[in-house]
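Taking it in order: structure first as structure tokens, then the write-up.
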Amino acid sequence: MSCFSARCTSTATLVGKTAVVTGCNTGIGKCTVEDFYKRGARVIMACRSVPKAEEAKSDITKRCEGLRGIGEIEVVQLDLASLKSIRKCAEKLLQEEDHIHLLINNAGVMACPESRTVDGFEMQFGTNHLGHFLFTLILLPKIINSPPARIVNVSSVAHSFLSGALQIEDLNWTRRKYSESQAYFQSKLSNVLFTRELAKRLKDHNIHGVTTYCLHPGVIDTDLWRHVDDSFFKGAKWIFYNIVGLFIKSQDEGAQTIIYCAVDEDVKNESGLYYAECDVANSSDRSKDMVSAKRLWDISFKMVKLPQDYDPFVATP
């Protein structure tokens with residue numbers, strides 16, 4: 001448990017609301033699902049492993065037995081490293097859900113060895129950014145039709161550690177020597193830029209009632225750290241166990257800023273900002289570069305093979 005962890009104190013209920021949470025069979029995603037469930041939401045767990053998600057669902061419902069005002073939980077299959085899986089899951093949600101009031105883009109990978117997604121993207125960029133980019137844009141018409149609605153992207157303070165500018169021409173690391181750490185930092189910077197650009201485009205399209213948020217959840221005791229060793233950066237293990245460990249958060253603590261961005265009334269009219277410890281925080285200068293944000297949006301749109309005439313800013317009945 002960390003001594004430096006803010007908590008979401010909002011008592012807002014989510015009765016009648018539908019929330020989609022990605023990558024939530026463990027860690028802060030699972031804690032987020034449980035919080036929303038206790039607030040009365042219909043929560044859709046979008047996870048790569050359905051059996052593990054079902055196990056997590058069972059664990060949550062058992063712990064909440066006897067509580068009043070709880071919601072319901074459904075599980076759907078979503079592999080963010082596969083454009084086919086993303087489209088299949090998103091289309092299922094569009095067909096079966098009347099509304100989507102909350103989209104929590106939480107799933108992610110960190111410091112994994114060099115590898116590629118099903119579609120040939122660098123794994124961390126493909127999963128952490130492109131997967132959520134496509135998932136969000138397919139669901140966006142339904143979200144626009146569900147105001148007030150919020151889109152929350154889980155980023156990291158690591159976005160500020162990227163060495164140099166975002167390499168738009170080499171996002172897949174085919175021209176540079178691969179770096180697990182820099183690839184991760186790139187993906188987290190992309191999360192922030194995507195959040196800002198999405199907020200801008202919603203405003204430009206005169207769409208009200210849909211707001212976007214990105215955040216640093218803190219350093220959390222989760223299995224994301226399983227790949228971290230000295231190949232991530234020199235001295236990574238020593239730093240983690242001797243310095244970072246003093247500030248490490250529990251999974252429940254790590255979920256608090258996600259929950260804050262999703263439910264707190266004080267931020268309902270804010271959009272495109274970056275948060276930490278349940279408050280607006282300062283992000284890196286690179287994350288505020290709207291020229292890079294637009295370029296990243298445009299190239300991401302092409303990479304995920306969305307039709308040129310696709311307009312995600314038109315509400316779906």
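Pairing each heavy atom of L137 with each of P312, the nearest pair is O-CB, 3.5 Å. The minimum heavy-atom distance linking Y178 with P113 is given by the pair CE2-C, 4.5 Å. The heavy-atom pair separating L80 from H132 by the smallest distance is CD1-NE2, 3.3 Å. Heavy-atom minimum distance, I138 versus A90: CG2-CB, 3.4 Å. Closest non-hydrogen pair, H216 versus V157, comes out as ND1-N, 3.0 Å. In terms of heavy-atom proximity, S284 sits nearest to S160 at CB-CB, 3.8 Å.
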Step-by-step salt bridge (charged side-chain N to carboxylate O under 4.0 Å, His left out) determination, K249 to E277: CA-CA 11 Å; K249 294 183 178 184; E277 300 300 339; 2.8 Å; yes
Residue pair F121, T127: steps toward the side chain to side chain contact (heavy atoms under 4.5 Å, CB included) verdict: CA-CA 8 Å; F121 305 126; T127 301; over 6 Å; no
Verdict with reasoning, Q186 to L189, per side chain to side chain contact (heavy atoms under 4.5 Å, CB included): CA-CA 5 Å; Q186 170 186 268; L189 175 58; 5.8 Å; no
Verdict with reasoning, D79 to S82, per side-chain hydrogen bond (donor to acceptor under 3.5 Å, both in side chains): CA-CA 6 Å; D79 182 357; S82 165; 5.2 Å; no
Trace of the side chain to side chain contact (heavy atoms under 4.5 Å, CB included) decision for K200 with K203: CA-CA 5 Å; K200 178 182 182 299; K203 182 179 179 181; 5.8 Å; no
Worked check of side chain to side chain contact (heavy atoms under 4.5 Å, CB included) between H129 and S300: CA-CA 9 Å; H129 169 64; S300 298; 2.8 Å; yes
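Expressed to the nearest 0.5 Å, how far CD of Q256 lies from SG of C8 amounts to 6.5 Å. Separation of atoms CG (D98) and OG (S146) is listed at 9.0 Å; rounding is to 0.5 Å. Here L102 contributes atom CG and I143 contributes atom CD1; the two are 9.0 Å apart, rounded to the nearest 0.5 Å. Here the CD1-OG1 distance, from I86 to T117, works out to 8.5 Å after rounding to the nearest 0.5 Å. The distance from the CG atom of N106 to the NZ atom of K30 is 13.5 Å, given to the nearest 0.5 Å. Note that OG1 of T22 and CZ of R48 are 12.5 Å apart. Values are rounded to the nearest 0.5 Å.
F125 and V118 are members of different hydrophobic clusters when ILVMFWY side chains are connected at heavy-atom separations under 4.5 Å. A continuous path of Ile, Leu, Val, Met, Phe, Trp and Tyr side chains, each step under 4.5 Å between heavy atoms, connects I299 with F194, placing both in one hydrophobic cluster. Under the 4.5 Å side-chain contact rule for hydrophobic residues, V280 and Y213 share a cluster. Each of L171 and M290 belongs to its own hydrophobic cluster when Ile, Leu, Val, Met, Phe, Trp and Tyr are linked at side-chain heavy-atom distances under 4.5 angstrom. Hydrophobic clustering keeps V314 apart from L202 (ILVMFWY residues linked when any side-chain heavy atoms are closer than 4.5 Å, directly or through intermediates).
A salt bridge between K302 and D298 is absent, with no side-chain N of the basic residue lying under 4.0 Å from a carboxylate O of the acidic one. Classification of R39 and E34 as a salt-bridged pair fails, no side-chain N sitting under 4.0 Å from a carboxylate O. The existence of a salt bridge linking E265 and K268 is confirmed by a sub-4.0 Å separation between a basic side-chain nitrogen and an acidic carboxylate oxygen. Between D252 and R7, at least one side-chain N (NZ, or NE/NH1/NH2) sits under 4.0 Å from a carboxylate O, which counts as a salt bridge.
In this structure, F135 and L93 have side chains that are in contact, with non-hydrogen atoms separated by less than 4.5 Å. With contacts defined as side-chain heavy-atom distances shorter than 4.5 Å, the pair V20/V43 does not qualify. When side chains are defined from C-beta on, D35 does not count as touching Y37, because their heavy atoms never get closer than 4.5 Å. Between V154 and N105 there is no side-chain heavy-atom pair separated by less than 4.5 Å. For the pair K92 and V76, the minimum side-chain heavy-atom distance is below 4.5 Å. Proximity of N172 to M303: side-chain heavy atoms (C-beta onward) are separated by under 4.5 Å at one or more points. You'll find the side chain of K305 reaches within 4.5 Å of the side chain of R87, heavy atoms only. Annotation: side chain of N269 is not in contact with side chain of T211 (no heavy-atom distance under 4.5 Å).
One side chain, D170 or T174, offers a donor N or O that lies under 3.5 Å from an acceptor on the other. A side-chain N or O of R196 and one of S283 form a donor-acceptor pair less than 3.5 Å apart. N282 and K288 form a side-chain donor-acceptor contact under 3.5 Å, judged by distance and modelled atom types alone. Side-chain atoms of S85 and Q77 include a donor-acceptor pair closer than 3.5 Å. Defined by atom type and a distance below 3.5 Å, a donor-acceptor pair is missing between the side-chain atoms of K142 and N145.
A side-chain contact (heavy atoms from CB on, under 4.5 Å) with V152 holds for exactly one of I259, L103, I104, T32; it is I104. Applying the side-chain hydrogen bond (donor to acceptor under 3.5 Å, both in side chains) test between N128 and each of S187, S156, S155 identifies S187 as the sole match. For the salt bridge (charged side-chain N to carboxylate O under 4.0 Å, His left out) test with E72, the passing option among K17, R42, K38 is R42; the others fail.
A side-chain donor-acceptor contact under 3.5 Å links Q124 to the backbone of E180. The backbone N or O of T195 sits less than 3.5 Å from a side-chain atom of T212, completing a donor-acceptor pair. Remark: the backbone N or O of L193 is not paired with any side-chain donor or acceptor of R286 at under 3.5 angstrom. E74 contributes no side-chain N or O that, together with a main-chain N or O of I44, makes up a donor-acceptor pair within less than 3.5 Å. Checking side-chain atoms of K57 against main-chain N and O of I73 turns up a donor-acceptor pair under 3.5 Å.
The six-membered or imidazole ring of F133 lies near that of W297, with a centre-to-centre distance under 6.0 Å. Taking the six-membered ring where the residue is Trp, the centroids of Y274 and H159 are separated by under 6.0 Å.
For NZ of K88, the number of neighbouring non-hydrogen atoms (other residues, nucleotides, ligands) closer than 6.0 Å is 12 at most.
The salt bridge (charged side-chain N to carboxylate O under 4.0 Å, His left out) analysis of residues 115-139, with sequence neighbours excluded, yields the pairs E114-R116.
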